[in-house]
Structures are given as structure tokens and as C-alpha cells.
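Presented below is the structure to which this report refers.
Each residue takes its place number in the sequence, starting with 1. The analysis underlying the following values was restricted to heavy atoms, covering all of them including side chains, and did not include hydrogens, waters or symmetry mates. Computed from a predicted structure; not experimentally measured. Order of listing sets the numbers, starting from 1, for every ligand and every atom in it.
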Amino acid sequence: MARRKKIYEGKAKTLYEGPEPGTIVQYFKDDATAFNAEKHAVIEGKGVLNNILSEFFMLGLGQIGVPTHFLKRLNMREQLVRSCEIIPLEIIVRNYAAGTICKRLGIDEGTQLPRPVVEYCYKDDALGDPLVTEEHIAAFGWASQQDMDDILSLALRVNDFMSGVMLAVGIRLVDFKIEIGRIYDGDFQRLVVADEISPDSCRLWDIKTGQKLDKDVFRRDLGSLTDAYTEVARRLGVMPNNPPAPGKPTLVN
Ligand code: TYD
């Protein structure tokens, strides 16, 4: 394999310099982490599923006019994306109560919220990604007021798209997290949905049974994470085909 420059190694992905300026290759690893990386495991096949699911969601968003950093999937584990400056915020949209909002506000898990609730966390692992308000974001200059208006509108569009896509296959989109990047075109900047959208960063429950089909399966030891993500991919019709074993040509009629 040709040597290429590693730009960053995260918990679930490694980023490499892309083939052209302004591009990056995102490599999806099989590592799963939870509770700010206190829990860690390698789950075979997770990276392949997240790569393909993220491609599916990013392409769909592009088709409805939501800008993303996605360019194309390169292979089972890698995708080419536009390099952007990531705004240091985790943007969370919640439709039903789960996770930290339950503890924080004393709401029962699964309660439908009166409307989608958008929260912002400051991206800093050492601090445990603390919840911040728009006051903090403005005061510390992480994003401008115009950025925040655009981010809110992007987050709600992603929520409507993802809720609809999931509803069509019998899955409830409970909540999710996105990251937003800035791309500079000359003097202008535009915001795009960046990073990934996958069951690692969403809560997905089967509508009929309530079965969890997301990273909570790993967080709470509820069974096989690969089986859960495979079920999401199967329902969406994007199950990766097994690549042919090396050295064994496939007969084409
Ligand atoms: P939240 O309930 O705030 O935290 P936790 O997952 O630790 O209970 O998370 C809301 C949604 O956002 C959930 O689907 C997980 C996702 N999320 C991430 O993927 N990464 C993050 O760093 C954070 C804070 C949330």
C-alpha cells in the first residue's frame, strides 16, 4: 500500500491526507468506545457498516440539498471527504428522551419531547464534552450568531430527513449527534455536515419492539453490536456485499 500521511487518529476513525489538496480520506475502524473511552472493544465489521451507512445518509442529505463534506466512498472502509475546519461543538438533536437528558432533567427514557430539542456540547474529551449554551459559544468565539442560525437550520433538516428515512423502515430516531465543518471558497465560508452519521452517533429503536439498534447495545452490553448495525443496514437496503476472497475470480455470465 502506498504510504500516505496520517492527519489524525480518533476513537472510531483515522484521517489521512487525500489524493488532491482539500481532500481527506476517512478510514472507519472497528474500535468502539463509550463513557469517554473508559470502555473499549474491537468489534469486527463495525467500520465497514458505519462507512456504508454514513455514505447512505450523506448522499441522501446531498440529494435534498443539505451540504455535506462527503465526496465518495473509496472502498469498504474508506471514504473521500472535503477537508473542513470542524466547529468544536457536538450538535445533538433529541426527539425522545434518552441518555444524559433523562438524568439531567429527570425525564423517563422514551418520553416523546414536545418538539425536537437541540443541544450543544463543547468538543473536548478531557472535559467530557460538557453541555454549553449559545452564550458560551458566542463569548468564546466558537461560532458566530450567523453560524448558529445556520447550524440550527442544518440540524433540524438532518433531523427531518433522518427521522423520515428511519420511520420508513420501522425505526424510531430517538436522538443523534452531528458535527459541522467550515469550508472556505475564496473569501466565503459555508457550513457543511461533516464527520459521520451512523448508529455510533444516533439512538435508533425498533418502533414495534423498542429493541435498541445503536451504540447503546455496546454501552449497556445488550448483545451483538454488529448484528444491530447489520439490521439497520439490511432494512435500509445497503448491506455490504461480501467482497470476493482474494485469488478467487468470480464467474460473470
Ligand atoms: P447523550 O444522551 O447526550 O449522551 P450519552 O450518549 O453519553 O448518553 O447523547 C445524545 C446522542 O448524541 C446519542 O445518540 C449519542 C450522541 N453523541 C455522540 O455520538 N457523541 C458525543 O460525544 C455525544 C455527547 C453524544
Subject >> Axial cation check for Y16 ring with R4, 6.0 Å and 45° limits >> reply: yes

Subject >> Any donor-acceptor N or O pair under 3.5 Å, side chains D149, Q146 >> reply: no

Original post:
Applying a 4.0 Å heavy-atom criterion (strictly less than), which segment of T100 is in contact with ligand 1: side chain, backbone, both, or neither?
Top reply: both

**OP:** Within a distance under 4.0 Å of any heavy atom of A98, pick out the atoms of ligand 1 and give their elements.
**Re:** 2 (O)

Subject >> Salt-bridge criterion met for K6 and E17 (N-O under 4.0 Å) >> reply: no

Subject >> Pair Q189, D147: side-chain N/O donor-acceptor within cut-off below 3.5 Å >> reply: yes

Original post:
Which atoms of ligand 1 are found less than 4.0 Å from any heavy atom of D129?
Top reply: 22 (O)

Original post:
Taking atom types as modelled, is there a side-chain donor on T100 or R94 under 3.5 Å from an acceptor on the other?
Top reply: yes

Original post:
Does a donor on one side chain and an acceptor on the other come within less than 3.5 Å for E135 and T133?
Top reply: no

**OP:** Of the side chain and backbone of E119, name the one, both, or neither that has a heavy atom under 4.0 Å from an atom of ligand 1.
**Re:** neither

Subject >> ligand 1-proximal atoms of C202, by part, heavy-atom distance under 4.0 Å >> reply: backbone

Original post:
Going by the order shown, which atoms of ligand 1 are within less than 4.0 Å of some heavy atom of S201?
Top reply: 14 (O), 16 (C), 19 (O)

Subject >> Atom of A143, atom of I87 and distance for their closest heavy-atom approach >> reply: CB-CG2, 4.4 Å

Original post:
What residue and atom, counting heavy atoms only, is the protein's closest point to atom 14 (O) of ligand 1, and at what distance?
Top reply: D175 OD1, 2.5 Å

Original post:
Taking atom types as modelled and ignoring hydrogens, do the side chains of N95 and D175 form a donor-acceptor contact shorter than 3.5 angstrom?
Top reply: no

Subject >> Per-residue contact class, R219 against ligand 1 - non-hydrogen pairs under 4.0 Å >> reply: side chain

Subject >> Protein heavy atom at shortest distance from atom 17 (N) of ligand 1 >> reply: K177 CB, 3.6 Å

**OP:** Can you pull out the closest protein heavy atom to atom 25 (C) of ligand 1? Residue, atom name and distance to 0.1 Å, please.
**Re:** I92 CD1, 3.8 Å

Original post:
Which of the atoms in ligand 1, numbered in the order shown and given with their element, are less than 4.0 Å from a heavy-atom of G99?
Top reply: 2 (O), 8 (O)

Subject >> Selection from K11, R104, R203 by shortest heavy-atom distance to atom 10 (C) of ligand 1 >> reply: R203

Original post:
Where's the contact between E90 and ligand 1, heavy-atom distance under 4.0 Å: side chain, backbone, both or neither?
Top reply: side chain

Original post:
Only one of E109, R203, R172 forms a side chain to side chain contact (heavy atoms under 4.5 Å, CB included) with Y96, so which one is it?
Top reply: R172

